[in-house]
Amino acid sequence: MISKGLIYCFLLLSLGVTAQTATNDTIVQSPSATISPADSSQALRWQEPLVTTKIKLLARSYGDSIVLRWMPEDYVSWKYLTYHGVNVLRINVDEPGFEVDTVAYALKPLTEEQFRAKYAENDSNALLAQGVLYGEGRLDYAQTKDKPGTFSAGMEYNSEQDISYAFAMLVAEWRKDLARDLAVGIVDHNVKPGARYQYIVQPTVWENGGILLFEPGFIEYMVNNPYEAPEYDIALQDSLISPRKINIYWYDDKHSSFEIERREKGQTEWQRITDKPFITMLGEDDVYGYNVYNDSVPAFGLYEYRVMAHDPFGDLTSPSKVHETNIYDNEPPTAPNLKYIQVYRPEDGDLMAKVMAKIVWEKDVIEEDLNGYIINYFNEQVTGKQWIALNDDLISPNDTTCTLDVTHLTTGAICMTAVDNSGNEGRSLIQMIRLTDYKAPDIPDSLRATVSADGNILIEWNPCADDDIAYYDLAFANDTTHTFLQLNEGGIPDTWYTDSLALNVNQKYIYYKVRAVDYSSNMGLWSPWIQVKRPHITPPTQPHLDRSGHSDAEGMHMEWIVGTDADMDYHVAYRGLSQDGPWEVIGRYDADSLRACGYRITIDDNPPYDRENRYYYYVESFNSSPFTSKSLAVSWLHAGPKVVKAGIELAGDYDERSQLTKLAWTTGRLPIDAPYYYCVYRKGPGEDKFKFMISVASDKAEYADNLLGKGETAQYYVMIQWRDGRQSALSNTVTVSRRP
């Protein structure tokens, strides 16, 4: 049978997937016209219209030379060219004219004798190149497994040919000299740095009875610049498959053979771990493009890997990024042998005292990396589905006995684990440890409850420190003087319990306590009880206003009587400028604190004056039910005093020149920020009281009167009138007289 990996190698090359393309790498292009030697002189001729096979041409420049690599399309084309040879033609694009230079004419592989003369017998790559050309023992068409002439026989014979072709192309990748000697590559040294060239590779003999019509390989405008290897951008990964054995794998669908290097972490020198170029052999389940290399390291530790690929020109790519991996030890130590377990009570006569166990074992081989021992215990009732360690610290590798406190354990299984420095474990056979427990568990602590308004209550507590707790009991009572009744019918396996409380019971509180029971049926003491306030759905008693009063100077005084309900929590007083709110909280009162003052809330409130809106007040009571009770609202108009001091100072005199009484006044800082105007009052000759005379705008503070006659006397005063209805106190009164 033909290896699928070898067929995979052939496919990689025959499809041209090994080509590396860079700035100074050029791959084959399809010309509209090709050059062919019609005779000894080089002449041009047009390509035949029908093409049955192609020559795939690659090129790479190095500055001082240009390397050409070509690949026939299949085995038959390759054999044809090895028999007839190829012509390699070059055109210097930078020189005038159309001069065609012959780099090689009728280039053929070395003969078998030439191979033997040129290469040493131990040169495996040269032997491989020689073998694919001249080796004996090839499969004959009549030697196929299936009957000659059948389709499967033809496929088997074709596979034999393809393998030879694939290995020829591979060995040409590995070395430039073998590429030349196989007639699939050449190095052109007769070139100038920086010059541009065209290359054609074509068969020396074009016709073969019309069976093969070649399309030559053609390179257009190859610039001869120094070669700079591109970054080899692959990501290495790894997987540990056995102790000191690791798979290094990476994805690369462009190259077919590789070199792998390794070094220990911290070292500077790399070690080539591939004696020959590595080729991935694909199996039925392998993925095309993935390469997997199996490596065995000399010792456990940190290692670094990198990979380089062979490209078609006989060069190695730059190294890949360094991949670090930890080759850790996964080989467990040998298991210890448990000899016997001795259980005893060191304090005679006290069954509640400590219970100790002496464990004895032996181990035939003490490994160098053995770290110590762990003693494990299992009892599904105690540990669930898990084994637990009985010792906190590892027991020394050289010990063969230890004594442990097993006071809180019951009869169960014991096994011993040997642990190495890498965490690998070797476990002994299981033995029974038989224990009788007389010690009651400790008291659970941190008993607590969370109550919801619908009567559901979550009761929680911290687990006991004892390892052998089987379950917990929970008891309740409606009063601490009552007998507590057990709440659960069966044991409570968890450290929480949910209870549903009746909401129509006339009891403010309910009480709970808890205890632990171990697997030996020892009952611990009850915990201290906790008091839980019972929720209910009865709203609190409605508060009502008992007395109230109001004054402009002191504001509102209110006294509210609230309910005396046993479960009353608190009360809140609100104030607003509308019956619809918004409401502002002006006081919060704890229900218990009001007991001393006869359940009376006293409120004295003196808010800012407001002549347009009334102030509203009410009280809301809260208890543990989801409902509240609100009082009726009471309201007052807190407009403030109607007459306010404004500090008006009035002055006046008679002006003989203008024959007018002239008044002027000043004011202090006005206590009200609102629109206003001045009012002037006058009491004339023969009048017994002052009369309103005229109003003056707020931006003026003067007035002239022409009513005073000769020899007459009049009195004046001024006041401020605000548009919201308030007014100021009167100014001083001035008397003005006119001479006769």
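Treat the numbers as computed from the prediction; the structure is a model and nothing was measured.
Remark: Lys321 NZ is loosely packed, at most 12 non-hydrogen atoms of other residues, nucleotides or ligands lying under 6.0 Å away. Crowding of Glu425 atom CD: a count of heavy atoms from other residues, nucleotides or ligands under 6.0 Å exceeding 12. Within a 6.0 Å sphere centred on CD of Gln386, other residues, nucleotides and ligands contribute 12 heavy atoms or fewer.
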Would His544 and Ser631 count as a side chain to side chain donor-acceptor pair (under 3.5 Å) if you check the C-alpha gap in whole Å, the side-chain angles of each, and the deciding distance to 0.1 Å? CA-CA 5 Å; His544 66 274; Ser631 70; over 6 Å; no
Does the side chain to side chain contact (heavy atoms under 4.5 Å, CB included) test come out yes or no for Ile234 and Tyr251, once each step is laid out? CA-CA 7 Å; Ile234 61 167; Tyr251 183 83; over 6 Å; no
For Phe378 and Ile430, run side chain to side chain contact (heavy atoms under 4.5 Å, CB included): C-alpha distance rounded to whole Å, both residues' side-chain angles, the deciding distance at 0.1 Å, then the answer. CA-CA 10 Å; Phe378 177 82; Ile430 295 173; over 6 Å; no
Where do Leu663 and Val718 land on the side chain to side chain contact (heavy atoms under 4.5 Å, CB included) test, with the steps shown first? CA-CA 10 Å; Leu663 303 175; Val718 177; 5.6 Å; no
Tell me, with the steps shown, if Arg448 and Glu460 meet side chain to side chain contact (heavy atoms under 4.5 Å, CB included). CA-CA 5 Å; Arg448 55 200 181 275; Glu460 300 175 282; 4.0 Å; yes
Go through it in stages, so that I can follow the logic: the residues are Asp420 and Ser422, the test is side chain to side chain donor-acceptor pair (under 3.5 Å), and I'd like the CA-CA distance, side-chain angles, deciding distance and then a yes or no. CA-CA 5 Å; Asp420 66 16; Ser422 298; 4.6 Å; no
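Side-chain atoms of Asn462 never come within 3.5 Å of backbone atoms of Ser446 as a donor-acceptor pair (strictly under, hydrogens ignored). Here the side chain of Ser629 pairs no donor or acceptor atom with the backbone of Ser621 at under 3.5 angstrom. In this structure, the side chain of Asp494 does not engage the main chain of Trp496 through any donor-acceptor pair within 3.5 Å. Side-chain N or O atoms of Glu304 include none that pairs as donor or acceptor with a backbone N or O of His323 at under 3.5 Å. Between the Asn391 side chain and the Ile375 main chain, a donor and an acceptor come within less than 3.5 Å of each other. In this structure a side-chain-to-backbone donor-acceptor pair under 3.5 Å is missing from Ser731 to Met719. Side chain of Asn706 to main chain of Leu660: no donor-acceptor pair is present (N/O by atom type, distance under 3.5 Å, no hydrogens or angles).
Separation of atoms CG (Leu236) and CH2 (Trp250) is listed at 7.0 Å; rounding is to 0.5 Å. Distance check, rounded to the nearest 0.5 Å: CE of Met693 to CG of Leu707 gives 4.5 Å. Between the CD1 atom of Ile586 and the OH atom of Tyr574 there is a distance of 11.0 Å, given to the nearest 0.5 Å. Atom CD1 of Ile374 sits about 12.5 Å away from atom CD1 of Ile388, to the nearest 0.5 Å. In this structure, CE in Met523 is found 10.0 Å from CG in Asp518, a value given to the nearest 0.5 Å. Atom OH of Tyr615 is separated from atom OG of Ser578 by 13.0 Å, given to the nearest 0.5 angstrom.
Evaluation of the side-chain hydrogen bond (donor to acceptor under 3.5 Å, both in side chains) rule for Gln486 yields Asp473 as partners, not counting sequence neighbours. Listed by chain and residue number, Thr417 satisfy the side-chain hydrogen bond (donor to acceptor under 3.5 Å, both in side chains) test with Asn376 (two or more places apart in sequence, or in another chain). Checked against ring-ring contact (aromatic ring centres under 6.0 Å, His included), Tyr509 has no partners two or more places apart in sequence or in another chain. For Asn613, the side-chain contact (heavy atoms from CB on, under 4.5 Å) partners are Leu577, Asp610, not counting sequence neighbours. Phe690 pairs by the ring-ring contact (aromatic ring centres under 6.0 Å, His included) definition with Tyr717, not counting sequence neighbours. Taking Asn379 as the reference, Thr410 meet the side-chain hydrogen bond (donor to acceptor under 3.5 Å, both in side chains) condition, with sequence neighbours excluded. Residues satisfying the side-chain hydrogen bond (donor to acceptor under 3.5 Å, both in side chains) criterion with Lys683, sequence neighbours excluded, are Gln715. Legend: residues meeting salt bridge (charged side-chain N to carboxylate O under 4.0 Å, His left out) with Glu231, ordered by chain and number and at least two apart, are absent.
In terms of heavy atoms, Asp655 sits closest to Lys662 at OD2-NZ, 3.4 Å. Here the closest heavy-atom approach between residue Pro441 and residue Ala516 is recorded as CG-O, 3.3 Å. When every heavy atom of Asp565 is checked against every heavy atom of Pro540, the shortest pair comes out as OD2-CA, 3.5 Å. Minimum heavy-atom separation, Tyr654 to Ser737: CB-O, 3.8 Å. Of all non-hydrogen atoms in Lys513 and Leu447, the two that sit nearest each other are CA-CD2, 3.7 Å. The nearest pair of heavy atoms linking Leu501 to Ile457 is CG-CG2, 4.1 Å.
Counting heavy atoms from C-beta outward, Tyr681 and Leu730 have side chains that stay 4.5 Å or more apart. For the pair Val562 and Tyr589, the minimum side-chain heavy-atom distance is 4.5 Å or more. Counting only heavy atoms from C-beta outward, the side chains of Leu390 and Leu409 approach each other to under 4.5 Å. Contact of the Arg515 side chain with the Ile443 side chain is not registered, since no non-hydrogen atoms from C-beta on lie closer than 4.5 Å. At least one side-chain heavy atom of Trp560 sits less than 4.5 Å from a side-chain heavy atom of Val634. Residues Tyr471 and Ile492 form no side-chain contact, since every pair of their non-hydrogen atoms from C-beta on lies 4.5 Å or further apart. The shortest distance between side-chain heavy atoms of Lys533 and Val451 does not fall below 4.5 Å. Residues Gln659 and Leu708 form no side-chain contact, since every pair of their non-hydrogen atoms from C-beta on lies 4.5 Å or further apart.
Among pairs with a residue in residues 589-609, those fulfilling salt bridge (charged side-chain N to carboxylate O under 4.0 Å, His left out) read Asp546-Arg600, Glu559-Arg600, Arg575-Asp605, Asp592-Arg595, at least two apart in sequence or across chains. Judged as a salt bridge (charged side-chain N to carboxylate O under 4.0 Å, His left out), the pairs with a partner in residues 694-711 (not counting sequence neighbours) are, in order, Arg682-Asp705.
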Check residues 664-678 and write down every donor-acceptor pair under 3.5 Å in which the side-chain atom is one partner and the other belongs to a residue at least two apart or another chain.
none

Run the side-chain donor-acceptor check on residues 636-649: report pairs under 3.5 Å with partners two or more places apart or on a different chain.
| residue | atom | partner | partner atom | Å |
| --- | --- | --- | --- | --- |
| His638 | ND1 | His550 | NE2 | 2.9 |
| His638 | NE2 | Asn606 | OD1 | 3.0 |
| His638 | NE2 | Pro607 | O | 3.4 |

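For Tyr472 and Trp461, the ring centers sit closer than 6.0 Å to each other.
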